[in-house]
Peer 1: 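To start, I am sharing the structure in question, which I have written as structure tokens.
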Amino acid sequence: MTKTTGMSTTRRQLLKLTSAAAIVSAAKMAFPSGAFAAGAGPEVTGVKLGYIALTDAAPLIIAKEKGLFEKFGLPEVEVLKQASWGATRDNLVLGGASNGIDGAHILTPMPYLISAGKVTQNNVPVPMSILARLNLDSQGISVSKEYAETGVQLDASKLRDVFAAKKAAGGEVKVAMTFPGGTHDLWLRYWLAAGGIDPDKDVSTIVVPPPQMVANMKVGNMDAFCVGEPWNEQLVNQGIGFTACTTGELWKGHPEKALGLRSDWIEQNPIAAKALLMAVMEAQMWADDMGNKEEMSAILGKRQWFNVPPKDVAGRLKGTINYGNDRVVENSGLEMKFWKDHASYPFKSHDAWFLTENVRWGKFAPDTDIKALVDKVNREDIWREAAKDLGVVAADIPASASRGPETFFDGKVFDPENPQAYLDSLAIKAGA
């Protein structure tokens, strides 16, 4: 199928979106209150959602800006900026009724870590659920400009000797991520370990909130970091460092953020949970249209959302990557996906990879029942119900909750049916 000029979605996919939008419009006429389920509308008119200033929060922000929450019977949804992923966790533990939040744009592993009590105070479990994936791809691993002469890109081994020399001279090599056990932590660790650099022994990992990454590298507080956009692009635009690789080069089409909600909120408000999800799914369709990227960049750049120049958002959102080391790639295919390629669907096999990597690095015990934990937290059943009510065409609903074996840039293969074989194939892991 030939792609339309300047568009990342095919004509067929655009027809699908148009068809879905028409069905939603017709449904709204039938249910002016926004309640799409038969019978009563949503149990509540709002919900408190957290977000971090990252481009992959766009579905929540667009749903708010475009009135989609109101359209689906939830006019009082609040989309609240969080200072860090740690603050997101703390506010989820509190819950909306106690001046916290009920759900969030969240790093995919976090609902598992919170549900298992691995990152909560006194290790108290707080059951969480994942209703959708918010996006695929478009995170970055960026490096201070002092390492430009190494030529480091996808192969992190080019940093091994210079990092070792810095440590031998009494210096400390600091690499930053956004939350222990989160996606950025796992991408950074995978990249370093594939290059023969042990993230637990050869460098010091530090936690820095996404909006503070650029400022910290500017004053020399770190040597490298992994974070989502727009912060890698802003780093390049300010001439502070360069992007070694995007995470889509490690694993093209990889899952990233999720829509996570407290499980008790879903149990108390099942109709509202589905309505919320439908609004977010429609926002994902809108966000994936290349014709909307400039408007979306302007919206996200607003002071109340990210407070950044729209140009810091737009480039990589469209798939144009200025790495900042004399490499500029247009039409890379590595743009952030919100809907196409089943981006919204919460594949259980994807969640299994995150849990397996967290077993690798000691966040979960080796005997963790990965399948049982995924089945408990991942609510792909709600996604399927919402898609049906939204009128999503069958081709946009996966036949299976597993996408099967995944292959990474270094040739490693993850089979969700045999995670132990994957772990056995990895040379560097915690305690090895």
Side-chain angles (χ1 to χ4, degrees), residues 33-37 40-54 56-134 179 182 209 257-283 304-305 346 376-379 382-383 385-386:
S33 68
F36 281 65
E43 301 85 353
V44 292
T45 56
V47 57
K48 294 180 180 179
L49 302 175
Y51 82 97
I52 295 285
L54 290 163
D56 39 40
L60 271 59
I61 294 168
I62 294 302
K64 181 68 175 178
E65 288 266 346
K66 295 292 181 180
L68 296 177
F69 293 128
E70 182 176 6
K71 175 179 178 177
F72 287 89
L74 298 168
E76 297 179 6
V77 170
E78 297 179 67
V79 181
L80 306 167
K81 184 180 289 186
Q82 307 296 296
S84 65
W85 292 118
T88 299
R89 171 206 55 206
D90 294 344
N91 283 322
L92 283 168
V93 170
L94 281 173
S98 300
N99 295 319
I101 55 178
D102 304 297
H105 148 253
I106 198 165
L107 300 164
T108 289
M110 283 185 67
Y112 290 95
L113 293 164
I114 294 171
S115 292
K118 299 295 184 182
V119 294
T120 56
Q121 189 172 9
N122 298 322
N123 302 117
V124 176
V126 178
M128 293 285 299
S129 297
I130 287 176
L131 270 63
R133 199 79 61 212
L134 291 180
F179 190 84
K257 303 300 187 300
L259 173 62
L261 287 168
R262 285 178 56 114
S263 298
D264 58 3
W265 192 91
I266 297 172
E267 291 166 5
Q268 294 163 15
N269 307 288
I271 298 174
K274 186 161 65 171
L276 171 68
L277 178 54
M278 292 166 72
V280 170
M281 291 165 75
E282 188 169 326
Q304 71 264 38
W305 298 119
K376 182 178 179 181
V377 174
N378 184 299
R379 295 301 307 274
I382 299 178
W383 192 99
E385 291 175 12

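Hydrogens, waters and symmetry mates are skipped; everything else that's a heavy atom, side chains included, is used. Please read these numbers as outputs of a predicted model, since none were measured by experiment.
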Peer 1: May I ask you to check whether over 12 heavy atoms, not counting those of Q304, lie within 6.0 Å of atom CD?
Peer 2: yes
Peer 1: Suppose we screen for side-chain contact (heavy atoms from CB on, under 4.5 Å). Which residues come up paired with A116, at least two apart in sequence or across chains?
Peer 2: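 Scan of A116 (side-chain contact (heavy atoms from CB on, under 4.5 Å), adjacent residues dropped) gives K118, F364.
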Peer 1: Rounded to the nearest 0.5 Å, what's the gap from CG on L259 to CG on L60? Could you check?
Peer 2: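 Here the interatomic distance stands at 6.0 Å.
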Peer 1: Under the criterion side chain to side chain contact (heavy atoms under 4.5 Å, CB included), which of I101, I106, L276 is the partner of L49?
Peer 2: L276
Peer 1: How far apart are the closest heavy atoms of A83 and I52, and which atoms are they?
Peer 2: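 Residues A83 and I52, closest heavy atoms: C-CD1, 4.3 Å.
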Peer 1: CD1 of I62 to CD of E282: how many Å apart, nearest 0.5 Å?
Peer 2: 12.0 Å
Peer 1: Are more than 12 heavy atoms, taken from residues, nucleotides or ligands other than K81, located less than 6.0 Å from that residue's NZ atom?
Peer 2: yes
Peer 1: Can you list everything that forms a salt bridge (charged side-chain N to carboxylate O under 4.0 Å, His left out) with K66? Sequence neighbours excluded, please.
Peer 2: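 Residues passing salt bridge (charged side-chain N to carboxylate O under 4.0 Å, His left out) with K66: E295.
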Peer 1: Side chain to side chain donor-acceptor pair (under 3.5 Å): which pairs involve residues 40-52, sequence neighbours left out?
Peer 2: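 For residues 40-52, and leaving out neighbouring residues, the side chain to side chain donor-acceptor pair (under 3.5 Å) pairs sorted by first residue read T45-E76.
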Peer 1: Can you pull out every side chain to side chain donor-acceptor pair (under 3.5 Å) where at least one residue sits in residues 92-109? Sequence neighbours excluded, please.
Peer 2: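 Residue pairs passing side chain to side chain donor-acceptor pair (under 3.5 Å), neighbours aside: D56-H105, T108-R133.
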Peer 1: In chain order, what residues pass the side-chain contact (heavy atoms from CB on, under 4.5 Å) check against V119, with sequence neighbours excluded?
Peer 2: R89, L113, I114, F179
Peer 1: How long is the gap from CG on L277 to CG on L261, to the nearest 0.5 Å?
Peer 2: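 Spacing of CG (L277) from CG (L261) equals 9.0 Å.
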Peer 1: Tell me if a side-chain donor or acceptor on K64 pairs with a main-chain N or O of V77 at a distance below 3.5 Å.
Peer 2: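 Confirmed, K64 side chain pairs with V77 backbone.
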Peer 1: If every non-hydrogen atom of N123 is compared with every non-hydrogen atom of P125, which pair is closest and at what distance?
Peer 2: O-CD, 3.3 Å
Peer 1: What pair of heavy atoms forms the shortest contact from F72 to P42, and how long is it?
Peer 2: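 Looking at all heavy atoms of both residues, the shortest contact is O-CG, 3.8 Å.
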Peer 1: Quick one: pull up CE in M281 and CG in L68 and give me the separation to the nearest 0.5 Å.
Peer 2: 12.5 Å
Peer 1: On a heavy-atom basis, which atom in A63 and which in A283 lie closest, and how many Å separate them?
Peer 2: N-CB, 3.8 Å
Peer 1: Under 4.5 Å between any side-chain heavy atoms of L134 and V280, yes or no?
Peer 2: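 L134 reaches V280 side chain to side chain.
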Peer 1: Indicate the atoms forming the closest heavy-atom contact of L131 with A273, along with that distance.
Peer 2: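 For L131 versus A273, the nearest heavy atoms are CD2-O, 3.9 Å.
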Peer 1: For S115, which of M110, M128, R262 qualifies under side chain to side chain contact (heavy atoms under 4.5 Å, CB included)?
Peer 2: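 Single side chain to side chain contact (heavy atoms under 4.5 Å, CB included) partner of S115 among M110, M128, R262: M128.
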Peer 1: Going by the rule side-chain hydrogen bond (donor to acceptor under 3.5 Å, both in side chains), which residues pair with E65 if we only count those two or more places apart in sequence or in a different chain?
Peer 2: K302, W305
